[in-house]
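Reviewing the structure listed below.
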Amino acid sequence: MSITPFKKRVCYYYDSDIGNYYYGQGHPMKPHRIRMTHNLLLNYGLYRKMEIYRPHKATAEEMTKFHSDEYIRFLRSIRPDNMNDYNKQMQRFNVGEDCPVFDGLYEFCQLSAGGSVAAAVKLNKQSADICINWGGGLHHAKKSEASGFCYVNDIVLGILELLKYHQRVLYIDIDVHHGDGVEEAFYTTDRVMTVSFHKYGEYFPGTGDLRDIGAGKGKYYAVNIPLRDGMDDDSYESIFVPIITKVMETFQPSAVVLQCGADSLTGDRLGCFNLTVKGHGKCVEFVKRYGLPFLMVGGGGYTIRNVSRCWTYETAVALGAEIANELPYNDYFEYFGPDFKLHISPSNMTNTNATEYLEKIKNRLFENLRMLPHAPGVQVQAIPEDGVRNESEDEDNVNPDERNPQSITDKRIAPDNEFSDSEDEGMAPGVGGGGRKDNRSYKTVAPARKQARLDSNRMEVDEPEFNILKDDKEDKSVSSDDSNKKDAVKS
Amino acid sequence: MSKRVTNDRSDYSDPTDGSDFGEVKKKTIKVGSDYQAKMPDRLSKYGDDLPYLNVDKLLWYPHNTTDAVIDDYLCDFHQIFHGTNKHVRDYENALFLLLQCGFNTKEALRRFVLNDQRAIMKPWSEEEFKNFENGIRKFNKNFRLIQQSRVPTRKVGELVHFYYFWKKTERHDIVFANKKRLEKKKYAFQPGITFYENEENSILNQKTNKVLNHLINSDIKWLRRKAT
């Protein structure tokens, strides 16, 4: 067997300017929360455990991999002092109240998108196991439209990058709002499955019905979990774990993106769920255990003290590091009063999600997932070999303050004299991928074999009719057009 | 209307039945080339062509230098920087310098003393401070206007950064301890639904249809500000 790493290699993207962007007086979206998170990471001593990058600024060319040229051109030109010349376009692109024009708007988008794209490239090169971009996660942005405080959809751009190396990418969204921008972008493809857990009913953005399941080739590849007010930790886990388990079994992704919107926490200024930081973090922990290349991004979150608590904790979860409940002294200490603790308590709000309701949703979604072409007909398949295994338990139990055995450390890091190379590490192929880090130590051969087997199963599926409007229940087969691309899958 | 829906939620039984929220037109995901992402044709590998041209700057990576060595180093750094030895955190500048010096702590400290980083951070003068506060009084949190007319010596971003420190200082409390702030305190401890139902139902009800189109319309603070 191959050597398993003791710790996940976590790579973190942050630009120290990000907290300086200001949406405007009274606007609930505050990029400052990302700086607060960063400051907590520094004071917890988590910073030194990660590879840290100031991300590049994504160019218009990168952004138009998804967005329309016109829309990006507009974002690049618009400024608070020339807004009046753009009235028509502002309306057309939905920029105004929800998504205001503020100083440095375009730069803000560049940093957010740059972080997620860079993270995806890093994962593709296998020079990190987990990448984090708390400045990303802007899941409402559409191809030619701003929406819900989001202008450029860094997630879609990141996933498009991952798709260069991965046949199937899973997107999970635990923001309290529906991840409509990402769902829409990949609504008709079977290479990206989008799974969104959100409050539904009289709530922004209004999409995310249980019956919205994707279209065309992408039918059954959009999964929506509509929830009611007051979701608590237990209810959330009771639906998150079985759904994600089933999704992993049936969809078998080779990379995962998790949008960690923190407005699903209790007491959020815009949210209506009752999750604690621990309950929210459990989702991260659960996904991490599959051991797949893992991109974590931010998202919503409007009670900023709790957002920074949450993302700090989730960074620690990614690292497998224990951190004290007592918050360390930090630049924004006063924000965390009166208790100055990391963890928060749920409120006494009513959970209007009855167990039967959740059960019903779950069963309905299971039915849909059974429609996937390679759904296991007889028996549930084993979790991927590089997934849940004792190794991850061991790993999480390792004292973060203890040093790894030298033998392990040596395998992961190149000699000191190579430090000068690492400046371009994110860029130059062969430097990041092959130079400093030893990739062999973390990819096992076994999952590759499994992949091949799985793909050959998929090829047996007949070519179905491509008809978006056909009745949901009748059309059991899903197109497998991409089966001829299977040859291209690296094993 | 919103009230009715709220009541319905508790006995809402069949999630698959189409009659829920019938009064609000259901929003759907749009299909077409104007909406979906164009998928990469096939799997590819990064050759010599890089996926983007701008560079991500490496600031730090976990090296096999022990935590103890780094702690000592940061302690020294901290002492030079602050003259005290209380809580020591990960200093980004210090760690970046250490990275640049090939994890040689002595060399990093030497270089740090050589060109003292403190000079880079320009402290706020009393005048800037006062002008900033005047600006806030006059323009509220329109930092662009404050920058233009009151504190031209700083960038807008610096004002924002400074604001988040300043708002938690006593100085802010003394100058701005007004009704607004007391109100804010009051509901900070009543999270979520309690607040919505007990106090603000009327505002929210009026705006309920707008909620689906604009996320900001679910923000009570925002609505209240607009109402006044």
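Per chain, numbering begins at 1; letters A, B, ... match sequence-line order. We use all heavy atoms of the structure for the numbers below, so side chains are in, but hydrogens, waters and symmetry mates are not.
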#### Entry: Parallel, tilted or perpendicular: ring planes of A:Y332 versus B:F165, cut at 30 and 60 degrees
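Parallel: the ring planes of A:Y332 and B:F165 meet at under 30°.
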### Message
Check the orientation of A:H32 and B:Y164. Use parallel for under 30°, tilted for 30 to 60°, and perpendicular for over 60°.
### Response
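Parallel, since the angle between the ring planes stays under 30°.
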For residues [X] and [Y], determine if any side-chain heavy atom of one lies less than 4.5 Å from a side-chain heavy atom of the other.
| X | Y | result |
| --- | --- | --- |
| A:P28 | B:K221 | no |
| B:L53 | A:T59 | no |
| A:I52 | B:L58 | no |
| B:Y46 | A:K125 | yes |
| B:E92 | A:Y47 | yes |
| B:V31 | A:Y187 | yes |
| A:F186 | B:M39 | yes |
| A:N20 | B:F143 | no |

### Task
Evaluate the side chain to side chain contact (heavy atoms under 4.5 Å, CB included) criterion for residues A:T207 and B:T28: first the C-alpha distance (whole Å), next the side-chain angles of each, then the deciding distance (0.1 Å), finally the verdict.
CA-CA 6 Å; A:T207 47; B:T28 48; 5.6 Å; no
Need one label for [X]: side chain, backbone, both or neither, based on atoms under 4.5 Å from any heavy atom in chain B.
| X | result |
| --- | --- |
| A:L46 | backbone |
| A:S68 | neither |
| A:N43 | both |
| A:K164 | both |
| A:D331 | both |
| A:H27 | both |
| A:N306 | neither |
| A:Y335 | both |

### Task
Kindly check if the number of other-residue, nucleotide or ligand heavy atoms within 6.0 Å of CD (A:E61) is above 12?
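Open.
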Picking from [options], which has the most non-hydrogen pairs under 4.5 angstrom with chain B?
| options | result |
| --- | --- |
| A:P328, A:G114, A:P80 | A:P80 |
| A:E62, A:K57, A:E97 | A:E97 |
| A:G148, A:G214, A:C99, A:A118 | A:A118 |
| A:G115, A:P205, A:G24 | A:P205 |

Between [X] and chain A, with a heavy-atom cut-off of 4.5 Å, which part of the residue counts as in contact: side chain, backbone, both or neither?
| X | answer |
| --- | --- |
| B:Y35 | both |
| B:L59 | both |
| B:D34 | backbone |
| B:L74 | side chain |

Going by an N to O cut-off under 4.0 Å, is there a salt bridge joining [X] and [Y]?
| X | Y | answer |
| --- | --- | --- |
| A:R54 | B:D56 | no |
| B:D90 | A:K49 | no |
| A:R48 | B:D67 | yes |

### Query
Given the rule in the side chain to side chain contact (heavy atoms under 4.5 Å, CB included) test, do B:L215 and A:Y302 qualify, once you have shown the distances and angles that lead to the verdict?
CA-CA 12 Å; B:L215 176 49; A:Y302 307 100; 4.0 Å; yes
Within the side chain of [X], is there an N or O that forms a donor-acceptor pair under 3.5 Å with the backbone of [Y]?
| X | Y | value |
| --- | --- | --- |
| B:Q36 | A:E184 | yes |
| A:D98 | B:I216 | yes |
| B:K38 | A:K65 | no |

### Message
So, taking the atom named NZ in B:K141 and the one named CD in A:Q25, what distance separates them when rounded to the nearest 0.5 Å?
### Response
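Nearest 0.5 Å value for the NZ-CD distance: 5.0 Å.
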### Message
Distance check, rounded to the nearest 0.5 Å: B:R89 atom CZ versus A:L41 atom CG?
### Response
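CG of A:L41 is found 11.0 Å from CZ of B:R89.
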### Test of ring centre spacing under 6.0 Å for A:H56 and B:Y52
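Ring-ring flag for A:H56/B:Y52: true, centres closer than 6.0 Å.
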### Task
Walk me through it: do B:L43 and A:Y165 pass the test side chain to side chain contact (heavy atoms under 4.5 Å, CB included)?
CA-CA 5 Å; B:L43 297 178; A:Y165 274 60; 5.7 Å; no
### Query
Taking it one step at a time, do A:D103 and B:Q147 satisfy side chain to side chain contact (heavy atoms under 4.5 Å, CB included)?
CA-CA 12 Å; A:D103 265 297; B:Q147 193 270 339; over 6 Å; no
